[in-house]
Number of protein chains: 2
Amino acid sequence: MPFQYLNMFKTSRRAVPQRATSEETRRLVLETALALFRERGFDRTTVRDVAERAGLSLGAAYYYFDSKEAIVGAYYEHVQHEHLTRARAGFEQSADLRDRLRAAMHTKIDIMQDDRGLLRALFRYGGDPDHPLSWFGPATREQRRLSVQVFDEAIADERLPIDVRDITPTLLWALHMGILLYFLYDRSPSAQRTRNLIDSAVDFVVGGRRLVTLPLLRPVRRRVVSILRDAALLPESR
Amino acid sequence: MPFQYLNMFKTSRRAVPQRATSEETRRLVLETALALFRERGFDRTTVRDVAERAGLSLGAAYYYFDSKEAIVGAYYEHVQHEHLTRARAGFEQSADLRDRLRAAMHTKIDIMQDDRGLLRALFRYGGDPDHPLSWFGPATREQRRLSVQVFDEAIADERLPIDVRDITPTLLWALHMGILLYFLYDRSPSAQRTRNLIDSAVDFVVGGRRLVTLPLLRPVRRRVVSILRDAALLPESR
DNA sequence: GTCTATAAAGGGATAGAC
DNA sequence: GTCTATCCCTTTATAGAC
């Protein structure tokens with residue numbers, strides 16, 4: 001078990017801070033946990049299992065994460081960070097709206113491809129507003145903001161009326177949540193059906209892009225804006 | 001405990017079948033269970049508690065429902081039946097689309113008004129395709145079909161192009177699911193925010209009703225139809 | 001102090017008598 | 001249809017070993 005030697009120098013009182021090593025260990029715990037979640041499921045994985053496979057004591061594991069839930073919180077952050085990074089890499093490849101939306105959607109599924117079991121387990125918290133892991137609760141507001149931001153950047157170069165500009169990222173986020181739900185239920189090989197749905201949905205959005213600016217649809221737009229605002233479904237500050 | 005006398009004549013071998021009494025007892029178990037779910041929550045209610053308060057033995061309760069989940073299944077059916085009944089009563093009051101959609105949406109919240117805690121607990125099953133209580137899984141297909149049917153009847157008298165006619169009930173069902181999610185998180189008194197959201201959403205739909213038939217939007221409609229079909233999101237037979 | 005083995009409790013579900 | 005008795009699994013508590 002070589003892992004336990006990662007911190008073998010921690011007692012030597014060096015002036016150099018050990019942040020790198022500490023972060024590595026934290027990362028090791030996170031990745032070990034994810035591997036176990038994938039292997040045997042979220043519920044059947046104990047923090048003990050994680051610590052054991054990571055070559056750490058139970059106490060050490062709890063030093064890095066206050067709880068099993070905190071590990072999941074770190075996973076959320078990882079997904080978010082990874083999504084922003086990969087999507088931006090995609091955005092640099094093309095200024096075309098279709099390409100950018102595809103990148104935004106597909107990279108998310110890429111990241112989560114192997115974690116459907118975990119996501120299905122985490123879905124349960126979605127119904128509890130007070131749970132720190134709820135995808136819709138106040139505790140994950142920051143994650144949601146970052147998630148919306150990906151779509152905000154995807155349409156950053158589009159010339160759109162200000163009202164459309166304001167609500168589109170949130171609507172795209174909602175669409176992407178719907179696609180994630182579809183993904184949870186998708187049993188096709190490599191989630192091919194979800195991939196197809198993404199492409200179709202993106203084509204639909206791109207097709208709608210020209211329509212929304214029509215004067216005829218102006219009242220509809222205004223109505224959508226006011227609905228979302230009244231329902232407090234838009235991020236507070238823009 | 002007067003309840004246990006409901007069947008006090010059970011040993012008299014009357015020719016008349018006792019179905020009525022049996023149904024009453026079943027109903028008693030269901031209503032007792034719901035009362036306890038509301039009082040102390042789904043997880044903290046045991047079948048033992050239900051049986052005790054209903055004045056039955058544990059075994060008797062299990063005679064009527066194979067499991068605690070089966071009780072919830074009966075609740076789903078109750079909600080569905082009640083929704084269809086109340087919505088139809090509303091539909092008889094008005095031929096106006098706005099009124100009918102409002103009736104369809106508001107009656108659903110009326111029925112569930114006191115069960116938000118239970119719904120939040122049941123939400124957890126939504127992520128598991130194989131769970132019999134998942135709102136999106138194959139096991140509840142029939143419930144979903146009936147749920148979509150309410151919206152089908154709401155728009156029954158509208159003169160709409162066939163493709164719009166085919167997909168609108170499903171889209172309205174999806175909208176209503178989104179509103180239910182909002183409802184789970186709504187902490188305003190009497191779920192007033194949800195009520196407002198319903199009214200706004202209905203106005204939006206009614207406003208869109210004239211637009212969808214525009215020739216300009218024909219390609220958009222066709223695209224939506226094919227997306228939903230390809231994704232198997234429409235009921236099979238219509 | 002921490003770990004582990006074992007006991008106790010809780011609770012879903014079933015079997016068979018009546 | 002309803003009862004009692006019981007099974008069986010999971011969670012929680014505890015006691016003694018290390």
Side-chain angles (χ1 to χ4, degrees), chain A residues 1 3-4 7 10-11 25 29 32-33 36-37 39-69 71-72 117 121 124-125 128 131, chain B residues 1-76 117-118 121-122 124-125 128 130-134 139:
Chain A
M1 300 218 181
F3 293 138
Q4 62 192 341
N7 274 332
K10 87 174 173 189
T11 50
T25 309
V29 173
T32 305
L36 284 168
F37 292 161
E39 274 175 40
R40 61 180 79 163
F42 179 66
D43 291 314
R44 283 175 301 287
T45 299
T46 68
V47 179
R48 263 188 178 70
D49 298 333
V50 176
E52 185 182 6
R53 183 177 293 190
L56 298 170
S57 73
L58 181 62
Y62 271 108
Y63 170 78
Y64 290 102
F65 295 99
D66 289 343
S67 63
K68 194 167 142 182
E69 286 174 2
I71 298 179
V72 177
R124 75 183 70 153
Y125 301 123
D128 181 358
H131 199 284
Chain B
M1 303 218 182
F3 293 137
Q4 61 192 344
Y5 297 118
L6 278 172
N7 276 332
M8 61 190 301
F9 299 117
K10 83 174 174 186
T11 48
S12 72
R13 309 173 117 269
R14 293 188 297 176
V16 181
Q18 310 243 333
R19 275 184 55 200
T21 299
S22 179
E23 269 177 23
E24 273 170 31
T25 309
R26 187 184 150 93
R27 188 179 183 80
L28 172 68
V29 172
L30 175 56
E31 284 176 359
T32 305
L34 285 178
L36 283 168
F37 292 161
R38 286 173 190 140
E39 274 177 41
R40 63 181 78 164
F42 179 66
D43 291 314
R44 281 175 303 288
T45 299
T46 69
V47 181
R48 278 176 173 77
D49 298 333
V50 176
E52 187 182 6
R53 184 179 291 191
L56 295 171
S57 71
L58 180 63
Y62 271 104
Y63 171 77
Y64 290 102
F65 295 98
D66 289 344
S67 64
K68 191 168 155 184
E69 286 174 2
I71 298 179
V72 176
Y75 169 69
Y76 284 4
L118 176 58
L122 299 177
R124 77 184 69 156
Y125 302 122
D128 181 358
D130 296 320
H131 199 284
L133 295 182
S134 164

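Labels below follow one simple rule: chain letters A, B, ... track the order of the sequence lines, proteins then strands, and each chain is numbered from 1.
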Below the 4.0 Å mark, does D/dG1 have OP1 or OP2 next to a side-chain nitrogen or oxygen of B/S22? yes
Those residues that, when tested against B/E39, pass side-chain contact (heavy atoms from CB on, under 4.5 Å) (two or more places apart):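 Residues passing side-chain contact (heavy atoms from CB on, under 4.5 Å) with B/E39: B/L36, B/R53.
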Got B/Y76 and B/L122 here, is their nearest side-chain heavy-atom distance under 4.5 Å? yes
What's touching nucleotides 8-16 of chain C from the protein side, N or O pairs under 3.5 Å?
| from | atom 1 | to | atom 2 | distance (Å) |
| --- | --- | --- | --- | --- |
| C/dG12 | OP2 | B/V47 | N | 2.9 |
| C/dG12 | N7 | B/R48 | NH1 | 2.7 |
| C/dG12 | O6 | B/R48 | NH2 | 3.0 |
| C/dA13 | OP2 | B/Y62 | OH | 3.4 |
| C/dA13 | OP2 | B/K68 | N | 3.1 |

B/K68 NZ/CZ over B/F42 ring centroid, <6.0 Å and within 45° of normal: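 B/K68 over B/F42 ring: yes.
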Whether the side chain of B/D49 engages the backbone of B/T46 through a donor-acceptor N/O pair (distance < 3.5 Å, no angle test) should be reported. yes
Provide the full list of salt bridge (Lys or Arg N to Asp or Glu O under 4.0 Å) pairs with a residue in residues 26-38 of chain B, sequence neighbours left out, each pair given once.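 Listed once each, the pairs are B/R27-B/E31, B/R38-B/D115.
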